[in-house]
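Have a look at the structure below, then the notes.
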Amino acid sequence: MTIAGKVVAITGASSGIGAATARHLASLGAPVVLGARRTDRLESLVAEIEADGGQAVATRVDVTEPGDLQALVTTAVERFGRLDVLVGNAGITKISTVADLDVEGWSAMVDVNVKGILHGIAAALPVFREQGSGHLVTVVSTSGLKIVPTQAVYAGTKNAVRTLLEALRQESTDGVLRTTSISPGYVRTELIDHAVDDPAVREQARQNMADLGIDPVAVARAIAFAVDQPADVEIGDLTIRPTRQG
Ligand code: NDP
């Protein structure tokens, strides 16, 4: 089975890269299971996908709650009979220097970006093992590859996930599990809207994103490429950034 017919659950599917991935994979014939906290957005997206002839279902997921990830996986199995791919996409960033001591922001990034992925693994891995196959895709970041000021903790969370997936890959050489880390550069999404309280800094960051960022569908296509491979081929790391990004 390549992409058509694969059941794909996506966290953070209510906007940006997650929503674009849901639309794109559904258009290629994958039933999609959408999770995020803004259920109004998810319901609109389900209606849009169904109107275009795709299959989709949504459930409220806060990735900081392990039980919500269990519910996402259960929804996939109950509605579509299995779960082939979990896209761990939900994420947040906070723009601040380490010296700003934004302890609350650090905790929030660790909770969503790292623990959120661990909760997804805890929910999906038993199902993948029982089925004899499964694919874990995570959306990390070029921030983890080229470290820049004001992004230290964010970059750390993304590199923690990259490390986690590499360890999981090495522990899973029985052919059951595939792991993929997608590292986007600047992508035009709502990520920055929640990243900083200072309106001037936020506006500047938004402007940078608007000037340089690529369309989220570009990342959706990269995810589709990884998902579309035959069972014996694993795309491990994939970087996708604006051509003009330094
Ligand atoms: P958006 O802000 O548009 O999307 C973030 C998504 O994460 C939303 O759907 C949001 O849904 C969800 N989310 C946030 N917190 C939680 C939570 N506690 N539980 C469940 N869902 C949550 O930004 P992007 O599309 O850009 O971000 C997607 C991923 O891409 C993130 O992991 C981000 O770090 C990564 N990335 C983005 C880049 C960019 O330039 N945009 C570059 C590199 C990586 P809701 O609020 O409804 O829960």
Side-chain angles (χ1 to χ4, degrees), residues 9-24 32-46 58-72 86-95 105 107-120 123 137-148 151 153-162 165 180-196 202 205-220 222-223 237-242 244-245:
I10 304 164
T11 67
S14 57
S15 62
I17 293 168
T21 301
R23 282 190 192 95
H24 188 56
V32 289
V33 185
L34 314 181
R37 295 165 304 172
R38 289 172 293 177
T39 48
D40 51 338
R41 294 240 197 157
L42 294 182
E43 294 306 336
S44 303
L45 187 52
V46 167
T59 184
R60 186 186 188 281
V61 171
D62 181 335
V63 296
T64 66
E65 299 290 339
D68 285 7
L69 271 307
Q70 296 285 348
L72 183 73
L86 174 63
V87 181
N89 164 74
I92 57 170
T93 189
K94 302 285 174 191
I95 298 174
S107 292
M109 283 187 277
V110 170
D111 284 349
V112 175
N113 299 356
V114 183
K115 288 188 185 170
I117 296 294
L118 289 169
H119 297 155
V137 178
T138 58
V139 179
V140 288
S141 174
T142 56
S143 292
L145 301 172
K146 181 184 176 188
I147 313 300
V148 292
Q151 292 288 282
V153 176
Y154 176 70
T157 63
K158 294 301 186 178
N159 277 347
V161 171
R162 205 188 305 276
L165 248 68
T180 303
S181 291
I182 307 276
S183 299
Y186 293 114
V187 185
R188 283 192 311 274
T189 68
E190 298 171 21
L191 191 70
I192 290 301
D193 297 357
H194 320 284
V196 61
R202 188 168 55 234
R206 265 201 196 123
Q207 198 53 53
N208 291 345
M209 198 75 117
D211 289 346
L212 191 59
I214 52 176
D215 193 296
V217 79
V219 183
I223 292 172
D237 293 280
L238 216 156
T239 299
I240 171 164
R241 58 166 79 83
R244 292 188 298 121
Q245 182 173 330

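Both counts, for ligands and for their atoms, begin at 1 and track the order of listing.
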Using a plain distance cutoff, I'd like to know if G18 has any nitrogen or oxygen under 3.5 Å from a nitrogen or oxygen of ligand 1. no
Atom 19 (N) of ligand 1 - nearest protein heavy atom and its distance: V63 N, 2.9 Å
Run the contact test for D62 against ligand 1 with a 4.0 Å cut-off on heavy atoms, strictly below, and give the result. yes
Does V187 reach ligand 1 with a nitrogen or oxygen that is under 3.5 Å from one of the ligand's nitrogen or oxygen atoms? yes
Pick from T21, T189, V61: the one approaching atom 24 (P) of ligand 1 most closely through a non-hydrogen atom: T189
Provide, to 0.1 Å, the distance between atom 25 (O) of ligand 1 and the closest protein heavy atom, together with that atom's residue and name. I17 N, 2.8 Å
Judging by distance only, is a nitrogen or oxygen of G12 under 3.5 angstrom from one on ligand 1? yes
Of the choices G16, A108, G185, which has the non-hydrogen atom that lies closest to atom 38 (C) of ligand 1? G185
Examine ligand 1 and decide if any of its atoms is less than 4.0 Å from a heavy atom belonging to R41. no
With respect to N89, determine whether any N or O atom, backbone or side chain, lies less than 3.5 Å from an N or O atom of ligand 1. yes
When you measure from atom 4 (O) of ligand 1 to every protein heavy atom, which one gives the shortest distance, and what is it? S15 OG, 3.3 Å
Taking R162 for its side chain and S141 for its backbone only, find out whether a donor-acceptor pair lies under 3.5 Å. yes
Tell me, please: is L42 in heavy-atom contact with ligand 1, that is, under 4.0 Å? no
What is the distance from atom CG of D211 to atom CZ of R206, rounded to the nearest 0.5 Å? 13.5 Å
Of T138, V139, V219, the one whose closest heavy atom lies nearest atom 35 (C) of ligand 1 is V139
With a cutoff of 4.0 Å, is R188 in contact with ligand 1, counting heavy atoms of the residue only? no
So, is Y186 polar-close to ligand 1, with some N/O to N/O distance under 3.5 Å? no
Of all the non-hydrogen atoms in the protein, which one sits nearest to atom 34 (O) of ligand 1, and at what distance? Y154 OH, 2.6 Å
Under the side-chain hydrogen bond (donor to acceptor under 3.5 Å, both in side chains) rule, collect the residues that match up with D237, sequence neighbours excluded. none
State if T93 counts as touching ligand 1 under the rule of any non-hydrogen atom under 4.0 Å. no
From atom 27 (O) of ligand 1, work out which of V112, L191, D111, D40 has a heavy atom at the shortest distance. L191
Report yes if H194 has an N/O atom closer than 3.5 Å to an N/O atom of ligand 1; otherwise report no. no
Judging by distance only, is a nitrogen or oxygen of T142 under 3.5 angstrom from one on ligand 1? no
